[in-house]
Amino acid sequence: MMKARNAFAAVVGLLVIGLAACAGPTPAEAAPLPVPAPAVAPTAPAPQAIRQQVEVTFYAAADNDPAGSAEIAYPNSRHTSAGGTGTYADPLSLATDPREIRPGVIVYYPTIQKYFVMEDDCAECIADWSADRKPHVDLWMSTTADPAVQNCEAALTPDGLDTIIVNPPANLPVDAKPLYAGGRCWPNT
């Protein structure tokens with residue numbers, strides 16, 4: 001009989017423990033669990049603006065390859081041919097060696113306050129980069145095939161190296177005047 005009573009007491013004890021477990025949390029346990037913050041996909045940091053000393057030259061349709069055209073080596077959603085207005089949203093075309101500046105990278109040229117985007121090859125720039133990694137950019141001026149545009153290119157080409165900003169911020173000042181228009185050269189356009 002003692003065995004039966006001990007077994008009965010053990011069963012009752014287990015039932016009490018089971019019921020207590022089902023009764024719910026104690027006040028200390030009732031505190032709400034912290035809600036995790038929603039997962040946010042990490043974003044890549046914006047590329048850092050880099051000031052770079054380069055040889056700067058200019059080109060237009062008159063001396064493009066093929067001559068008289070506005071063809072570019074890297075057509076894209078921004079431009080299918082050389083062009084642009086020089087703003088951050090609509091940069092002018094830039095030609096260089098794609099190992100120097102990757103296609104699609106935006107550049108700002110403070111001297112004339114215009115944005116450019118790398119989207120074309122420049123044979124002389126490629127030769128300079130291949131020979132001794134000399135940085136050289138060729139900046140688009142105009143779709144004109146007017147041979148006089150070459151005088152403007154020469155007038156705007158600085159003696160020696162000049163500064164460009166690779167990956168510039170979008171809020172730099174922009175001069176809205178075209179580089180070459182109506183036979184006139186910037187800044188008198």
Side-chain angles (χ1 to χ4, degrees), residues 47 49-130 133-189:
I50 300 169
R51 289 184 171 274
Q52 187 175 349
Q53 293 290 303
V54 301
E55 179 179 350
V56 175
T57 54
F58 293 85
Y59 75 116
D63 56 350
N64 194 22
D65 184 17
S69 79
E71 287 185 34
I72 54 177
Y74 310 102
N76 56 76
S77 61
R78 184 178 277 126
H79 297 132
T80 56
S81 60
T85 60
T87 64
Y88 187 86
D90 186 25
L92 287 157
S93 300
L94 174 150
T96 191
D97 186 313
R99 297 169 295 177
E100 178 184 350
I101 299 174
R102 287 184 345 270
V105 171
I106 294 184
V107 169
Y108 181 76
Y109 186 35
T111 301
I112 58 173
Q113 297 184 329
K114 293 193 184 299
Y115 288 93
F116 293 83
V117 62
M118 190 344 205
E119 56 191 7
D120 203 1
D121 285 335
C122 160
E124 187 177 334
C125 304
I126 292 169
D128 288 346
W129 190 258
S130 295
R133 297 180 64 89
K134 176 183 173 189
H136 179 175
V137 296
D138 207 14
L139 307 177
W140 181 256
M141 294 191 78
S142 172
T143 56
T144 185
D146 177 1
V149 74
Q150 292 178 342
N151 293 332
C152 182
E153 292 171 17
L156 294 180
T157 296
D159 294 330
L161 302 179
D162 206 355
T163 301
I164 61 170
I165 303 171
V166 179
N167 299 317
N171 61 348
L172 297 173
V174 172
D175 184 331
K177 294 180 292 236
L179 294 176
Y180 183 84
R184 299 177 68 166
C185 190
W186 181 90
N188 300 314
T189 51

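Every residue was checked against the salt bridge (Lys or Arg N to Asp or Glu O under 4.0 Å) condition with Asp63, not counting sequence neighbours, and none meets it. Applying the side chain to side chain donor-acceptor pair (under 3.5 Å) criterion to Gln53, with sequence neighbours excluded, gives Thr163.
At a threshold of 4.5 Å between non-hydrogen side-chain atoms, the residues Tyr180 and Asp146 count as touching. Within the 4.5 Å cutoff, side-chain heavy atoms of Ile165 are placed close to those of Arg51. In this structure the side chain of Asp120 reaches within 4.5 angstrom of the side chain of Asn64, judged on heavy atoms. Residues Ile164 and Ile101 form a side-chain contact, since some pair of their non-hydrogen atoms from C-beta on lies under 4.5 Å apart. A heavy-atom distance below 4.5 Å is found between the side chains of Leu172 and Tyr115. Within the 4.5 Å cutoff, side-chain heavy atoms of Met118 are placed close to those of Pro103. For the pair Pro173/Tyr108, a side-chain contact is recorded, criterion being any heavy-atom separation below 4.5 Å from C-beta on.
Among residue pairs with one or both ends in residues 147-156, none qualify as side chain to side chain donor-acceptor pair (under 3.5 Å); sequence neighbours excluded. Evaluation of the disulfide (SG to SG under 2.5 Å) test over residues 94-124, restricted to residues two or more places apart or in two chains, returns Cys122-Cys125. Note on residues 159-189: pairs passing disulfide (SG to SG under 2.5 Å), not counting sequence neighbours, are Cys152-Cys185.
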Review item, side-chain donor-acceptor pairs of residues 133-141, under 3.5 Å, at least two apart:
residue : atom : partner : partner atom : Å
Lys134  : NZ   : Glu55   : OE1          : 2.7
His136  : ND1  : Asp128  : OD2          : 2.8
His136  : NE2  : Thr57   : OG1          : 2.8
Asp138  : OD1  : Thr57   : OG1          : 2.7
Asp138  : OD1  : Phe58   : N            : 3.1

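Contact record, Thr189 with Pro178: OG1-O, 2.5 Å, taken as the closest heavy-atom pair. Looking at every heavy atom in both residues, Ala62 comes nearest to Val149 through CB-CG1, 3.8 Å. Of all heavy-atom pairs between Pro169 and Ala49, the closest is CD-CB, 4.3 Å. Across all their heavy atoms, Asn76 and Glu119 have their closest contact at ND2-OE1, 2.8 Å. In terms of heavy atoms, Arg78 sits closest to Gly104 at NH1-O, 4.3 Å. Contact between Thr143 and Ala82 at its shortest, heavy atoms only, is CG2-O, 4.2 Å.
Judged by distance alone, the side chains of Asp121 and Tyr74 do bring a donor and an acceptor atom under 3.5 Å apart. At a cut-off of 3.5 Å, with distance as the only test, a side-chain donor of Thr111 or Asp162 sits close to an acceptor on the other residue.
A distance of 7.5 Å separates CG of Leu92 from NE2 of His79, quoted to the nearest 0.5 Å. The CG atom of Asn167 sits 6.0 Å away from atom CD1 of Ile50, with the distance rounded to the nearest 0.5 Å. Here Thr96 contributes atom OG1 and Arg102 contributes atom CZ; the two are 13.0 Å apart, rounded to the nearest 0.5 Å. Expressed to the nearest 0.5 Å, how far OG1 of Thr85 lies from NZ of Lys114 amounts to 7.5 Å. Taking CD1 of Ile126 as the start and CD of Glu100 as the end, the distance is 10.0 Å to the nearest 0.5 Å. Atom CD1 of Ile112 and atom CG of Leu179 lie 4.5 Å apart (nearest 0.5 Å).
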